[in-house]
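Worksheet for the structure shown next.
Computed from heavy atoms alone, side chains included, the values below leave out hydrogens, waters and symmetry copies.
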Amino acid sequence: MSSRTCGQLMAIATQHQHPVLWCTAGKQSLTLLHLWRSLDLSATVFYNDLDGGFPGVRTHLERCCTMWGVEDLRVVRPALSFDDYVQQMGYPVERLPEAVPEGMRLSNSWQCTWIRQALPLLVATLESQADAIITGSRGGDHPLFAAMGEVYDASDIYGFVRYNPLYTWSAQQVWDYIDAKRIPLPDHYRLKRDATYLWPDCLACTRRPEHWTMLKEQYPEVYRRYWPEVAAIVGKEP
């Protein structure tokens, strides 16, 4: 699997003058970055430093970039903070409930993902005049990524082609590569790896009771801050 992906990455590097890697410092984007640097390809890495995200992620990515010889790490930030987004758009949850308590405003988490996560990266990519974006998205992550495919040609609109080299990888193949290459992951993966549900990128962007149980135990300050916002739709207090 990795040999096929390496061939794809070499082809991308040959065909494009200015490719950029979008990296969240999650398991897949770190796998992608490690593969890219294992081929001794130079990398411009864009990272969105999300407020409300898990602590220590940016520092971890900086360490990996130093360890793997990445010299061009560019940090962007969302125009709206998490709290401002909640105030303006409603609290983001991955699945909207059938009934919303009176007075509570909710939004789908994909709306927040676009506004706070993807849009800043897209703007920075356009400003850098990149001709290719490389991501760690897998087809199995979400139907949107499945529909996008391994290659999404947006050159007529934005001037770049988006590549998802891990598109055909399974989650287990990603973990196998991480274990084989001993790729370090951010600290919260000590909890996330064995989770039975898909964790959000931001700490409190969910209405899953099991996630709030984890927040209460591991991130009590976040729990106390945001639990009142979602208590009515999560249900019984953890």
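With a 6.0 Å radius and a threshold of 12 heavy atoms from other residues, nucleotides or ligands, Arg193 has its CZ atom above the threshold. Within 6.0 Å of CD in Gln129 there are 12 or fewer heavy atoms belonging to other residues, nucleotides or ligands. At most 12 non-hydrogen atoms from other residues, nucleotides or ligands lie less than 6.0 angstrom from CD of Gln87. Within 6.0 Å of CZ in Phe145 there are more than 12 heavy atoms belonging to other residues, nucleotides or ligands. When the shell of 6.0 Å around CD of Gln17 is examined, it contains 12 or fewer heavy atoms from other residues, nucleotides or ligands.
Using a 4.0 Å cut-off between charged side-chain N and carboxylate O, Asp176 and Lys181 make no salt bridge. Salt bridge Glu221/Arg225: absent, no basic N to carboxylate O contact under 4.0 Å. Under a 4.0 Å N-O distance rule, the pair Arg4/Glu150 qualifies as a salt bridge.
For Phe82 and Tyr226, the distance between ring centers is under 6.0 angstrom. Between Phe160 and His16, the distance separating the two ring centers is not shorter than 6.0 angstrom.
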Discussion item. Is there a side chain to side chain donor-acceptor pair (under 3.5 Å) between Tyr189 and Asp194? Walk through the geometry before answering.
Written reply: CA-CA 8 Å; Tyr189 270 90; Asp194 295 326; over 6 Å; no

Fill in: Residue pair His188, Trp199: steps toward the side chain to side chain contact (heavy atoms under 4.5 Å, CB included) verdict
CA-CA 11 Å; His188 65 274; Trp199 279 31; 4.3 Å; yes

Practice prompt. List the steps and the verdict of side chain to side chain donor-acceptor pair (under 3.5 Å) for Trp110 and His142.
Written response: CA-CA 11 Å; Trp110 279 96; His142 191 274; 3.2 Å; yes

Item to complete: Applying side chain to side chain donor-acceptor pair (under 3.5 Å), run through Ser81 and Asp83 and close with a yes or a no.
Response: CA-CA 5 Å; Ser81 69; Asp83 289 344; 5.6 Å; no

Practice prompt. Please report the C-alpha distance between Arg190 and Asp187 in whole Å, then the side-chain angles of each, then the deciding distance to 0.1 Å, and finally whether the salt bridge (charged side-chain N to carboxylate O under 4.0 Å, His left out) criterion is met.
Written response: CA-CA 6 Å; Arg190 63 187 168 82; Asp187 182 64; 3.0 Å; yes

Discussion item. Side chain to side chain contact (heavy atoms under 4.5 Å, CB included), that's the test. Do Tyr167 and Arg138 meet it? Break it down for me.
Written reply: CA-CA 4 Å; Tyr167 179 83; Arg138 296 184 307 110; over 6 Å; no

Practice prompt. Please step through side chain to side chain contact (heavy atoms under 4.5 Å, CB included) for the pair Phe54 and Tyr219, ending with a clear verdict.
Written response: CA-CA 10 Å; Phe54 291 88; Tyr219 303 94; 3.8 Å; yes

Discussion item. I'd like to know whether Glu210 forms a side chain to side chain contact (heavy atoms under 4.5 Å, CB included) with Met214, so could you lay out the CA-CA distance, the side-chain angles of the two residues, the decisive distance to 0.1 Å, and finally the verdict.
Written reply: CA-CA 6 Å; Glu210 60 268 45; Met214 182 278 294; over 6 Å; no

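Using modelled atom types, one side-chain atom of Asn164 and one backbone atom of Gly149 make a donor-acceptor pair closer than 3.5 Å. In terms of modelled atom types and a separation under 3.5 Å, the side chain of Trp212 and the main chain of Thr206 share a donor-acceptor contact. At distances below 3.5 Å, not a single donor-acceptor pair connects side-chain atoms of Thr59 with backbone N or O atoms of Gly56. Put simply, the side chain of His34 never gets that close to the backbone of Ile183: no donor and acceptor are under 3.5 Å apart.
Under the 4.5 Å side-chain criterion, counting only non-hydrogen atoms from C-beta, Val230 is in contact with Tyr91. In this structure, Pro92 and Leu106 have side chains that are not in contact, with every pair of non-hydrogen atoms separated by 4.5 Å or more. At least one side-chain heavy atom of Leu33 sits under 4.5 Å from a side-chain heavy atom of Trp68. Within the 4.5 Å cutoff, no side-chain heavy atoms of Leu21 are placed close to those of Thr135. With a 4.5 Å cut-off on side-chain heavy atoms, Tyr47 and Arg74 do not count as touching. Under the 4.5 Å side-chain criterion, counting only non-hydrogen atoms from C-beta, Leu41 is in contact with Met10. The closest side-chain heavy-atom distance from Tyr163 to Ile133 is not below 4.5 Å. Between Trp169 and Thr5 there is a side-chain heavy-atom pair separated by less than 4.5 Å.
To the nearest 0.5 angstrom, Leu215 atom CG is 6.0 Å from Leu203 atom CG. Put simply, NZ on Lys27 and CG on Leu166 are 10.0 Å apart, with the number rounded to the nearest 0.5 Å. From Glu71, atom CD reaches atom OG1 of Thr44 across 10.5 Å, with rounding to the nearest 0.5 Å. For the atom pair CG of Leu144 and OG of Ser137, the computed distance is 8.5 Å after rounding to the nearest 0.5 Å. Distance check: Trp36 CH2 to Cys6 SG gives 11.0 Å after rounding to the nearest 0.5 Å. With rounding to the nearest 0.5 angstrom, the CH2 atom of Trp175 is 9.5 Å from the CD atom of Gln172.
Residues Gln28 and Asp141 bring a donor and an acceptor atom of their side chains to less than 3.5 Å of each other.
Between Cys65 and Leu73, the shortest heavy-atom distance links the atoms SG-CD2, 4.2 Å. Of all the heavy atoms in Leu30 and Cys23, the pair that sits closest is CD2-SG, 4.3 Å. Heavy atoms only, all atoms of each residue included: Pro209 and Val234 are closest at CA-CG1, 3.9 Å. Summarising the geometry of Arg77 relative to Asn48, their closest heavy-atom pair is CA-OD1, 3.6 Å, with the distance given to 0.1 Å. Across Cys112 and Tyr85, no two heavy atoms sit closer than the pair N-OH, 3.3 Å. Of all heavy-atom pairs between Pro200 and His211, the closest is CD-CE1, 3.6 Å.
Under a hydrophobic-cluster definition in which Ile, Leu, Val, Met, Phe, Trp and Tyr are linked whenever side-chain heavy atoms come within less than 4.5 Å, directly or via other members, Ile134 and Leu39 are assigned to the same cluster. Leu35 and Phe46 sit in two unconnected hydrophobic clusters of ILVMFWY residues. Membership requires side-chain heavy atoms under 4.5 Å apart, directly or through other members. Side-chain heavy atoms closer than 4.5 Å link hydrophobic residues (I, L, V, M, F, W, Y) into clusters, and following such links, even through other members, never connects Val161 to Ile157. Leu32 and Val20 are assigned to two separate hydrophobic clusters, defined by single-linkage of ILVMFWY side chains at heavy-atom distances under 4.5 Å. Residues Trp227 and Val93 share a single hydrophobic cluster, defined by chaining ILVMFWY side chains whose heavy atoms lie under 4.5 Å apart.
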Review item, side-chain donor-acceptor pairs of residues 116-126, under 3.5 Å, at least two apart:
from	atom 1	to	atom 2	distance (Å)
Arg116	NH1	Asp51	OD1	2.9
Arg116	NH1	Leu80	O	2.8
Arg116	NH2	Asp51	O	2.9
Gln117	NE2	Asp201	OD2	3.1
Thr125	OG1	Trp22	NE1	3.0
Thr125	OG1	Leu121	O	2.7

